[in-house]
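Right, one structure below, let's go through it.
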Amino acid sequence: MPFFTASSSLHGTAFVVQACGELDYQYAPVFRSEMAKAWESGASSVVIDVTELTFCDSTGVGELILSLQRSQALDIRLSLVGVHGTLERILTITGLRPAFELSPSVEEALRGT
């Protein structure tokens, strides 16, 4: 059984990526592959749902930063949903929390699209 899964779906003009499990060095390519679908979708916004993340190491945070940079380069709105636990601490301690648009739920993030 994998320790990380990523799935995605299109909601109107928003592309939603759901990350579940442990986003670390081993599973970063799985996340990156799912995000590639988002960038290729033509969506005007991307929502990354991390509600089901149980762990995120520095590589995982790096993937989120790359996603933020890519969204800015493509002028695509990016929202993180369900940030909690260790990831919330890491984003706060590093000062990255204000760089991301945070929403408590996918529904709320989609309302902003």
Side-chain angles (χ1 to χ4, degrees):
M1 181 171 97
F3 290 105
F4 178 80
T5 60
S7 59
S8 57
S9 55
L10 193 59
H11 296 261
T13 61
F15 196 89
V16 179
V17 174
Q18 184 174 23
C20 302
E22 300 180 1
L23 180 52
D24 59 12
Y25 178 79
Q26 182 178 1
Y27 296 106
V30 175
F31 179 76
R32 194 175 312 123
S33 175
E34 206 63 33
M35 290 305 299
K37 295 177 190 176
W39 309 132
E40 295 165 2
S41 72
S44 62
S45 67
V46 173
V47 176
I48 303 173
D49 183 358
V50 296
T51 305
E52 301 287 326
L53 270 190
T54 57
F55 178 77
C56 186
D57 70 0
S58 60
T59 302
V61 173
E63 289 296 325
L64 294 175
I65 293 168
L66 287 173
S67 295
L68 177 62
Q69 291 171 336
R70 184 83 185 261
S71 72
Q72 291 169 341
L74 295 172
D75 197 27
I76 295 174
R77 181 176 163 253
L78 178 75
S79 301
L80 285 183
V81 168
V83 174
H84 66 284
T86 304
L87 179 57
E88 184 174 29
R89 274 188 67 210
I90 291 169
L91 294 179
T92 301
I93 289 168
T94 59
L96 289 169
R97 191 170 183 182
F100 288 95
E101 179 182 322
L102 303 177
S103 293
S105 69
V106 171
E107 293 76 23
E108 188 168 314
L110 292 174
R111 272 193 289 256
T113 61

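Hydrophobic clustering (ILVMFWY, side-chain heavy atoms < 4.5 Å, transitive): V30 and F55 are in distinct clusters. Residues W39 and L66 are members of separate hydrophobic clusters, defined by side-chain heavy-atom contacts under 4.5 angstrom among Ile, Leu, Val, Met, Phe, Trp and Tyr. M35 and Y25 fall into different hydrophobic clusters, defined by Ile, Leu, Val, Met, Phe, Trp and Tyr side-chain heavy atoms under 4.5 Å apart, directly or through other members.
Of all heavy-atom pairs spanning A28 and E63, the tightest one is CB-CG, 3.8 Å. Scanning all heavy atoms of the two residues, the minimum distance from L78 to E101 falls at O-CB, 3.5 Å. Smallest separation of non-hydrogen atoms from A14 and L110: CB-CD2, 3.4 Å.
A distance of 7.0 Å separates CG of L80 from CG of L87, quoted to the nearest 0.5 Å. Distance OG/S9 to CZ/F15: 7.5 Å, rounded to 0.5 Å. Rounded to the nearest 0.5 angstrom, R32 CZ and L23 CG are separated by 10.0 Å. If you take CZ on F3 and CD on Q26, they are separated by 8.0 Å, rounding to the nearest 0.5 Å. Interatomic distance, Q18 CD to E34 CD, rounded to the nearest 0.5 Å: 10.5 Å. Interatomic distance, OG1 of T54 versus CD of E22, reported as 4.5 Å (0.5 Å rounding).
Between I48 and the options S71, S67, S8, a side-chain contact (heavy atoms from CB on, under 4.5 Å) holds for only S67.
Under the 4.0 Å criterion applied to side-chain N and carboxylate O atoms, K37 and E40 are not assigned as salt-bridge partners.
Between L68 and L96, the closest side-chain pair of non-hydrogen atoms is not below 4.5 Å. With contacts defined as side-chain heavy-atom distances shorter than 4.5 Å, the pair V17/V47 does not qualify. Using a 4.5 Å heavy-atom cutoff, the side chains of C56 and V61 are in contact. Side-chain contact between L64 and F31 is present, with at least one heavy-atom pair separated by less than 4.5 Å. Between V81 and V50 the shortest side-chain heavy-atom distance does not fall below 4.5 Å.
For R89, the CZ atom sits in a loose shell: 12 or fewer heavy atoms of surrounding residues, nucleotides or ligands are nearer than 6.0 Å.
For the pair T94 (side chain) and I90 (backbone), a donor-acceptor distance under 3.5 Å is present. A side-chain donor-acceptor contact under 3.5 Å links H84 to the backbone of L53.
Using a 3.5 Å distance cut-off with no hydrogens or angles, the side chains of E108 and S103 do not pair a donor with an acceptor.
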